[in-house]
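Here is the naming used below: chain letters follow the sequence lines, and residue numbers restart at 1 for every chain.
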Amino acid sequence: MNLRESLRISWRSIRSHKLRSTLTTIGVIIGIAAVITFMVLGGGFTESVVGDIEAEQEPVMTVQTQTEPEAGVGIMLVETPIYTERDVEALEAIDDVEFVAPDGSLELAQTDLGDEQVTGVIGAQATTADRFEHSTFVEGEPFEGEDEAVINEQTSQLFDDNVSAGDELSLTFEDGETADVTVSGVVEAELGEQTPPQLFVPVDSYYTTTVETPRGEETRAYPSLVVGTERIDDVDPAQEAVTEYLEDDSDAAELKQDDHEMQAQTVEDTIEQFTDIVDQLTVFIGAVAAIALVVGSIGIANIMIVSVTERTRQIGIMKAVGATKRDVMQLFLVESVILGVIGSIVGVAAGLGAGYLGVWLLEWPMAYPLDWVVIAIVVGIGVGVVSGLYPAWRGARVDPIEALRHE
Amino acid sequence: MTLNGEPTTAAVTAANVRRTYRLAEPVHAVDGISLSLGDGSFTAVMGPSGSGKSTLMNLIGCLDTPTAGRVTVSGEAIGALSDAERARLRGTEIGFVFQTFNLMPRLTAAENVTLPLVFHDAVEASRHERAEQLLERVGLGDRLEHTPSELSGGQRQRVAIARALANDPTLVLADEPTGNLDTETGAEVMDLFAELNRAGTTILLVSHERQVAEYADHIVHLVDGYLEEIEHLGAPRDVAVGHQALTATQPSDEEVQTDP
Ligand SMILES: Nc1ncnc2c1ncn2[C@@H]1O[C@H](COP(=O)(O)OP(=O)(O)OP(=O)(O)O)[C@@H](O)[C@H]1O
Ligand SMILES: [Mg+2]
């Protein structure tokens, strides 16, 4: 019997059990859809973050503290202020380092531009003008006076009439303090689309967090620092020296908790970290999908066995009129492969749909994981063959005399 | 051998055929039967329930293989054939008609009729034509697209007969084809068999009813797996395609026996 013929007959038999066939393929659909959804989200995420960062390489690195979360995968940033003024000075003394700008977070409750208010959302950072050494200004320039501020494009766009250099902002902090600042400049978003709205003010005027050093002095300390070098080529040696200092001599090393880790991260490192997280999640989702596929295959195998049993008499009829074992085997295998392939096609469609919805909600770019679509279809065929083999073999073995006697 | 001195070919020969089921005690369902069906003959098999009629049909129909002895269909010894070759022989040389019709429930009459062709890669277009022609022949030219559940018992059996003819078989085997039909419908079906036989098809048919068996030219009587007697009814209608040779002497080592 040729393949077209068995496709026709098998398709008919699947169609005659629509509900059953649909339920049977759900396991495969879920498995494949999970993978594809994740690949779309992962691709969109990576694209949105990495794509923008890679565009502009600045000779800067971020010194920050990380820890592994108790549950799940990935990396968590720790916001404890442990980098002291002494650390800032010591890092600045390193040869390749051009500047060290503190990044002290402030709790900004509300921002007013004339009549318009923005509550929360904006992340306020106390820093020094050095931080903007390598930044690209859309307009204006770094702050100089104590009541000036730099904002990024995201913040500018939060207000109906985009904030521009020279505008007056009224800031209200969580602790009730207020301040009026003049916008001295607007910087380009550092992480592209993913950049949160930010506002930078001079550290000396607004940052007051202090810690007690191991030597017993009270000093200002920051949760993270921005370290800049003059040229891209200086980043690597500077990173090495910074890391060495942090580990051996810094106050931060003494102040940090044991399970926290200090990091001097270049932009490249950040990209790598993103990719690592995505890769870890890929393995995790892959395992979940594999389980769904195994369950799906068992489902298909189960239904195929039922269907062989139900159609014992029909197998007998087909054999009596000339069907060979191979013909019968082919019919059932084609049927289970069709189920597997339908499962994977619907799974791919559902996965792309769910992924599309996800990236749309998260405002990430849509990614089409073509390689995974191909893998999904191949897996679908594989699932069909594997789960159909045993039932098909049982069908092929049916004794026509017994089968025809069987009511 | 010959009848009236004319050489005739045998569609089927059975020589000392035995089929044993190995249960607690071996059951000889067919116990040393030898017979030969001439090309174009019409033979009926009668016997009490359990006498081995169906077993004999299955052996001749290549659904089963003999435990001992030799069966040939169209000159091929079925014991020597592989599974796939026997399937091919069933598909090309033999047509089955069953008591319970055994139609595929989801296929239309036309599709049921051409089912044997599906396994021989016949072109789809010519298949439908063939179905039309065969259903026309059994008087169901207007029921092509009906499924078995939309047909009466007699109509179903006629579809089954049309299916048995799809591959132009040398031999049609019918195991109690009228068993599930009322007398009148049964007679219609038997008229159809008689007509087929007149057109040259070799027919071997099992029946409980004498009336039905009398449509044939010869009646083979089985008892407990033995061939008890062969009854010849009247003169063969056509010598050229007449029934050749049968015997009941047991046991015998000869392959084909001659008419006494
Ligand atoms: N698969 C089997 N296993 C064991 N014994 C069997 C099997 N098939 C048939 N038999 C035995 O073989 C003998 C002949 O059976 P068969 O079906 O040929 O009888 P039959 O003449 O067709 O009877 P009926 O008129 O009732 O259809 C019976 O005794 C039966 O029990
Ligand atoms: Mg029987």
Do side-chain atoms of [X] reach the backbone of [Y] as a donor and acceptor pair under 3.5 angstrom?
X	Y	result
B:Arg158	B:Val138	yes
A:Glu5	A:Asn2	no
A:Asp327	A:Thr324	yes

Please report the closest heavy-atom contact between [X] and [Y], naming both atoms and the distance.
X	Y	answer
B:Gly47	B:His208	O-CD2, 4.0 Å
A:Ile36	A:Pro369	O-CG, 4.4 Å
A:Ser387	A:Ser297	CB-O, 3.2 Å
B:Ile78	B:Leu89	CG2-CD2, 4.0 Å
B:Ser51	B:Leu222	CB-O, 3.7 Å

_Verdict with reasoning, B:Gln99 to B:Asp175, per side chain to side chain donor-acceptor pair (under 3.5 Å)_ = CA-CA 6 Å; B:Gln99 176 175 356; B:Asp175 197 345; over 6 Å; no
Quiz prompt | B:Ser74 side chain to B:Thr170 side chain, donor-acceptor N/O pair below 3.5 angstrom | solution = yes
Discussion item. Quiz question: by atom type and distance under 3.5 Å, do the side chains of B:Asn167 and B:Thr92 form a donor-acceptor pair?
Written reply: no
Problem - Step-by-step side chain to side chain donor-acceptor pair (under 3.5 Å) determination, B:Glu129 to B:Ser126 - result: CA-CA 5 Å; B:Glu129 244 165 67; B:Ser126 67; over 6 Å; no
Identify which part of [X] has an atom lying under 4.5 Å from any heavy atom of chain B, answering side chain, backbone, both or neither.
X	result
A:Arg311	neither
A:Arg326	neither
A:Lys319	both

Filtered by a 4.5 Å non-hydrogen cutoff, the part of residues 145-152 of chain B contacting chain A is none
Residues 58-66 of chain B vs chain A, non-hydrogen distance cutoff under 4.5 Å, contacting residues -> B:Asn58, B:Leu63, B:Asp64
Applying a strict 4.5 Å limit to non-hydrogen atoms, the region of B:Arg163 in contact with chain A is side chain
Cut-off 4.5 Å, heavy atoms of chain A, and the answer for B:Asp83 is side chain
*Is any side-chain N of the basic residue among B:Glu85 and B:Arg88 closer than 4.0 Å to the acidic one's carboxylate O?*
no
| message | I'd like to know if A:Arg313 and A:Glu402 make a salt bridge, using a cut-off of under 4.0 Å between side-chain N and carboxylate O. | response | no
Against chain B, residues from residues 10-35 of chain A with at least one heavy atom under 4.5 Å, in numeric order, are A:Arg12, A:Ser16, A:His17
Residues 50-101 of chain B vs ring-ring contact (aromatic ring centres under 6.0 Å, His included), sequence neighbours excluded, gives B:Phe96-B:Phe98
